[in-house]
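Okay, so here's the structure we're looking at.
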Amino acid sequence: YADHFALTLTSPDLTLVYVWHRGGDDAELTLRFGKKVRADQLVERYPCRLGAWHVADVGDGVVLKPVVAGPTARIYEWVRD
């Protein structure tokens, strides 16, 4: 019942991060990956034609902030160095 939630699917060659925001008042989500994932490693893959969410580094993870009001979702690929 949270305002937002995330799911990570990983294969040997690819990691996808699915993020849903249900449109509640708290429009900021912190994904706590530790220092192994940086904001510049999360490439938004879906949807292609809507405004990208704001993505920024924080001490122990990455903050995602939707740019539209209401329910929305994004899929990111974690591109490793």
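Below, all heavy atoms of this structure are taken into account, side chains as well, without hydrogens, waters or symmetry copies.
Between A27 and P66, the shortest heavy-atom contact is O-CD, 2.6 Å. Shown here for A73 and P47, the closest heavy-atom pair between the two residues is O-CD, 3.6 Å. For the pair H54 and A56, the tightest heavy-atom approach, listed with the atom from each and the gap, is NE2-CB, 3.7 Å. Smallest separation of non-hydrogen atoms from V19 and A6: CG2-CB, 4.2 Å. The shortest heavy-atom contact between V67 and G51 is CG2-O, 3.8 Å.
Listed by first and then second residue, the side-chain hydrogen bond (donor to acceptor under 3.5 Å, both in side chains) pairs that reach into residues 59-72 are R32-D60, T72-R74, sequence neighbours excluded. Within the structure, salt bridge (charged side-chain N to carboxylate O under 4.0 Å, His left out) pairs that include any residue of residues 12-24 do not occur (at least two apart or interchain).
Under the side chain to side chain contact (heavy atoms under 4.5 Å, CB included) criterion, A2 pairs with no residue, sequence neighbours left out. Annotation: side-chain hydrogen bond (donor to acceptor under 3.5 Å, both in side chains) contacts of R49 (sequence neighbours excluded): none. Taking the salt bridge (charged side-chain N to carboxylate O under 4.0 Å, His left out) definition, one finds that D40 meets it with R38, sequence neighbours left out.
Proximity of L42 to V37: side-chain heavy atoms (C-beta onward) are separated by under 4.5 Å at one or more points.
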Practice prompt. Please report the C-alpha distance between T30 and V62 in whole Å, then the side-chain angles of each, then the deciding distance to 0.1 Å, and finally whether the side-chain contact (heavy atoms from CB on, under 4.5 Å) criterion is met.
Written response: CA-CA 6 Å; T30 301; V62 176; over 6 Å; no
Discussion item. Run the side-chain contact (heavy atoms from CB on, under 4.5 Å) test on T8 and T15 for me, step by step, so that the C-alpha distance in whole Å, both residues' side-chain angles and the decisive distance to 0.1 Å come before the verdict.
Written reply: CA-CA 7 Å; T8 301; T15 297; 3.5 Å; yes
Practice prompt. Show your reasoning for whether side-chain contact (heavy atoms from CB on, under 4.5 Å) applies to T10 and W78.
Written response: CA-CA 10 Å; T10 303; W78 173 16; over 6 Å; no
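Other members of the cluster containing V43 are V79, with ILVMFWY side chains joined at under 4.5 Å, either directly or via other members. Hydrophobic cluster membership for L16: F5, L7, L9, L14, Y18, W20, Y46, I75 (Ile, Leu, Val, Met, Phe, Trp, Tyr linked by side-chain heavy atoms under 4.5 Å, directly or transitively). Clustering of Ile, Leu, Val, Met, Phe, Trp and Tyr by side-chain heavy atoms under 4.5 Å joins V58 with V63.
E77 CD to E44 CD: the interatomic distance, rounded to the nearest 0.5 Å, is 12.5 Å.
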